[in-house]
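Just below is one structure, and these are the notes that go with it.
FYI, the numbering just counts along the sequence from 1. Please read these numbers as outputs of a predicted model, since none were measured by experiment.
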Amino acid sequence: MKKKIDINKEKIFQIINSVIVIGILSFYVTRLFLYKYKLNIVHTDSGYSTLAQVVIARNDVMNENRLYENEDGSYTYKGKIDNNYCLFENNLYRIISIDKDENIRLVSENNLTNFTMSESNSFSSSSLYRWLNPTEEDSYSGIFYNTITNKNYLKKTTTNYKIVDDIKDYLSSEQNLADVTILSLEDYINAGSNESFLANGQSYWLSNCNSNFQYYYIDNQGAIGTSYSNNMFVGVRPVITLTSSITALSGQGTIDDPYILTEHHSENIGQCKVGDYISYSNLTWRVSSFDDDNNADLILEGLIEEDGQIYKRYFGSVNYLRSNGGIGKYLNENFLSTLTNYQKYLVYKSWNAGTFQQIDNYDYSFSYNSTFDAYVSVPTVGNFFLNEYLDYFLGNNSIQSNDLIFVVSEDMLYANLISDEAAIRPLICMNNSIKIISGSGTIDSPYQLEVLSNE
């Protein structure tokens with residue numbers, strides 16, 4: 001009798017276990033189908049027509065790394081997220097948050113240039129702030145803002161400029177508004193710090209400083225630090241806010257298939273965007289700016305090489321660019337002669353080559369106080385994409401000494417002797433009418449140009 005009871009108990013136990021297993025399997029299968037359904041509704045169901053609605057609908061609430069809903073109805077991404085990528089004007093961004101009105105806050109996935117932060121005791125009065133935002137007082141302001149053509153999608157964006165001495169006291173009830181800003185301590189910590197998608201392996205500035213006016217930054221390991229030198233030359237990741245009306249035209253939100261927010265088709269150089277890649281003379285270049293005639297300034301994606309090695313040389317006998325000596329002569333004779341049919345593709349122009357007027361003040365506007373007329377030049381502080389390569393000459397010098405010229409190094413802006421060797425990263429200006437015949441403007445598929453004859 002006892003044996004029979006034990007057998008019945010064992011069967012009951014097995015049945016209960018089977019029910020639990022079936023329940024767990026049903027839960028996860030249902031969850032999988034629900035997630036697949038959410039992926040499919042993104043671009044087909046009119047009820048999910050905006051980017052905010054798509055992102056919220058796709059949120060996997062069972063995943064620890066996800067979009068979290070806040071008490072005020074807003075949402076914030078936290079953790080190591082892999083489905084918040086979007087492409088806006090051909091630049092890759094990550095979604096940070098969605099406010100209660102479904103406006104979307106984005107940060108560029110990569111640094112778009114490098115800056116120092118030594119000349120200001122507040123982010124809102126810094127040269128970086130002016131580089132990002134247009135101001136009435138400075139005709140050279142709004143460099144980044146002016147690259148955005150779809151400004152109808154932009155809203156003022158918020159950030160926290162609070163002076164922070166104790167990192168635990170990073171929250172602020174006062175939020176500052178600007179067209180463009182950068183990440184704050186609050187943004188970084190709320191997302192999960194170095195265990196979040198905002199730790200991208202690059203070093204970049206934050207908008208907060210301490211009472212000694214040392215700015216916080218994120219190093220390439222994701223750690224929070226404060227500036228330790230006036231020459232720190234750290235990355236810039238612009239933050240923008242898009243209106244709730246922005247739609248996802250296509251994409252799944254992954255790095256390989258980001259949400260596409262704006263269409264971008266270029267038929268000639270004048271229609272390109274800053275950040276587009278172009279193949280010319282068997283070299284890859286990147287659009288860094290446009291002049292008043294809509295000709296495109298291109299920066300080499302790399303450093304000049306000779307015989308398969310990075311070419312290094314001294315700057316010259318003087319610390320300024322000139323066409324009859326030093327690297328100015330080398331660029332406009334030796335290097336220029338290697339570029340295909342340059343007279344038809346390129347524009348001869350005045351390049352920035354300014355002098356820093358104050359010691360330990362590397363305001364980019366000083367770059368405009370002197371020029372160099374040539375086909376080929378080198379970048380100056382304020383140019384896009386200075387962060388990607390190291391140990392190359394800039395066109396900036398200093399009043400401190402006639403023997404010094406500035407060089408980009410890892411997270412630092414160094415004043416080198418003109419007799420010391422460094423690499424060269426050239427700038428050229430391409431005629432706006434040059435036709436594009438193929439490519440998508442990405443690094444893997446740069447724009448290919450029409451072939452112009454020598455006749």
Side-chain angles (χ1 to χ4, degrees), residues 90-92 108-114 200-203 220 233 235-236 269 272-289 296-315 321 326-342 345-347 351-352 372 374-396 405-414 416 420-430 434 436 438-449:
N90 233 29
N91 280 312
L92 190 64
S108 65
E109 167 62 355
N110 298 301
N111 292 329
L112 296 188
T113 194
N114 280 28
N200 66 347
Q202 302 174 25
S203 58
N220 56 16
F233 201 50
V236 177
I269 289 297
C272 289
K273 303 284 188 185
V274 167
D276 284 349
Y277 291 88
I278 292 169
S279 178
Y280 166 60
S281 198
N282 295 318
L283 296 169
T284 301
W285 305 78
R286 201 170 187 189
V287 178
S288 64
S289 62
D297 294 341
L298 309 182
I299 188 168
L300 183 65
E301 186 63 16
L303 304 170
I304 290 179
E305 295 185 6
E306 291 192 0
D307 300 323
Q309 301 292 321
I310 293 175
Y311 173 71
K312 291 189 175 183
R313 57 159 294 154
Y314 68 95
F315 187 82
L321 291 163
I327 68 167
K329 181 177 181 180
Y330 166 80
L331 285 170
N332 287 278
E333 291 185 7
N334 303 64
F335 180 72
L336 184 62
S337 67
T338 68
L339 300 181
T340 304
N341 206 357
Y342 71 85
Y345 284 96
L346 304 185
V347 176
W351 299 94
N352 293 338
F372 168 59
Y375 275 108
V376 192
S377 187
V378 293
T380 54
V381 171
N383 276 113
F384 277 85
F385 314 122
L386 297 183
N387 50 293
E388 298 171 317
Y389 299 92
L390 301 176
D391 300 322
Y392 63 90
F393 288 118
L394 294 178
N396 299 103
I405 193 72
F406 282 89
V407 169
V408 174
S409 190
E410 185 172 9
D411 292 341
M412 296 293 286
L413 185 64
Y414 279 122
N416 272 24
D420 290 343
E421 291 187 347
I424 303 174
R425 194 173 181 201
L427 280 174
I428 58 176
C429 182
M430 185 159 285
I434 302 297
I436 293 169
S438 64
S440 57
T442 64
I443 191 167
D444 296 322
S445 178
Y447 287 131
Q448 303 295 319
L449 307 178

Practice item. Answer with yes or no after comparing the ring centroid distance for Tyr311 and Phe335 against a 6.0 Å cut-off, counting only values under it. Key: no

Study note, to complete from the structure: To the nearest 0.5 Å, atom CE of Met430 lies from atom CG of Asp297 at 11.0 Å

Exercise for review: Please confirm whether the backbone N or O of Asn383 pairs with a side-chain atom of Thr113, one donor and one acceptor, at under 3.5 Å?
Suggested key: yes

Review point. Could you give the distance from CD1 (Ile304) to OH (Tyr392), rounded to the nearest 0.5 Å?
Key: 12.5 Å

Practice item. Only one of Asn387, Asp411, Val381 passes side-chain contact (heavy atoms from CB on, under 4.5 Å) with Phe233; say which it is. Key: Val381

Review point. Taking the inter-plane angle between the rings of Tyr280 and Tyr345 on a 0 to 90° scale, is it parallel (under 30°), tilted (30 to 60°) or perpendicular (over 60°)?
Key: tilted

Exercise for review: May I have the step-by-step check of side chain to side chain contact (heavy atoms under 4.5 Å, CB included) for Leu300 and Ile424, ending in yes or no?
Suggested key: CA-CA 10 Å; Leu300 183 65; Ile424 303 174; over 6 Å; no

Check your understanding: Are any non-hydrogen side-chain atoms of Ile269 and Ile278 less than 4.5 angstrom apart?
Key -> yes

Exercise for review: Applying ring pair (Phe, Tyr, Trp, His ring centres under 6.0 Å), name anything that partners Tyr277, two or more places apart in sequence or on another chain.
Suggested key: none

Check your understanding: Do Asp391 and Ser409 have side-chain heavy atoms sitting under 4.5 Å apart?
Key -> yes

Point to revise | Flag for Asn110-Gln202: side-chain donor and acceptor within less than 3.5 Å | key: yes

Check your understanding: Does Leu112 reach the side chain of Val274, with side-chain heavy atoms less than 4.5 Å apart?
Key -> no

**Study point:** Any pair counted as salt bridge (charged side-chain N to carboxylate O under 4.0 Å, His left out), so long as it reaches residues 378-388, sequence neighbours left out
**Key:** Arg286-Glu388, Glu388-Arg425

**Study point:** OH on Tyr375 to CH2 on Trp351, rounded to 0.5 Å
**Key:** 12.0 Å

Study note, to complete from the structure: In short, Leu386 meets Val408 closest at the heavy-atom pair O-CG1, 3.8 Å

Review point. Hey, is OH on Tyr414 packed in by over 12 heavy atoms from elsewhere, all under 6.0 Å?
Key: no

Practice item. First locate atom CD of Glu109, then atom CG of Asn91, and finally report the distance between them rounded to the nearest 0.5 Å. Key: 11.5 Å

Review point. Could you give the distance from CE (Met412) to CG (Leu390), rounded to the nearest 0.5 Å?
Key: 12.5 Å

**Study point:** Check: Ser281 side chain, Thr340 main-chain N or O, donor-acceptor pair, under 3.5 Å
**Key:** yes

Check your understanding: What distance separates Ile428 CD1 from Leu298 CG, expressed to the nearest 0.5 Å?
Key -> 4.5 Å

Check your understanding: What heavy-atom pair brings Leu321 and Gly395 nearest, and what distance separates the two atoms?
Key -> CD1-CA, 4.2 Å

Exercise for review: Mind listing the closest non-hydrogen atom pair of Gly439 and Ser445 along with its distance?
Suggested key: CA-OG, 3.5 Å

Review point. Under the 3.5 angstrom rule, does the side chain of Ser377 hit a backbone N or O of Leu427 as a donor-acceptor pair?
Key: no

Point to revise | Nearest heavy-atom neighbours spanning Val287 and Cys272 | key: CG2-CB, 4.2 Å

Review point. Which heavy atom of Leu394 sits nearest a heavy atom of Ile405, and at what distance?
Key: O-CG1, 3.7 Å

Check your understanding: What heavy-atom pair brings Asn220 and Ser203 nearest, and what distance separates the two atoms?
Key -> N-CB, 4.0 Å

Exercise for review: Verify the neighbour count for atom NZ of Lys273: are there more than 12 heavy atoms of other residues, nucleotides or ligands below 6.0 Å?
Suggested key: yes

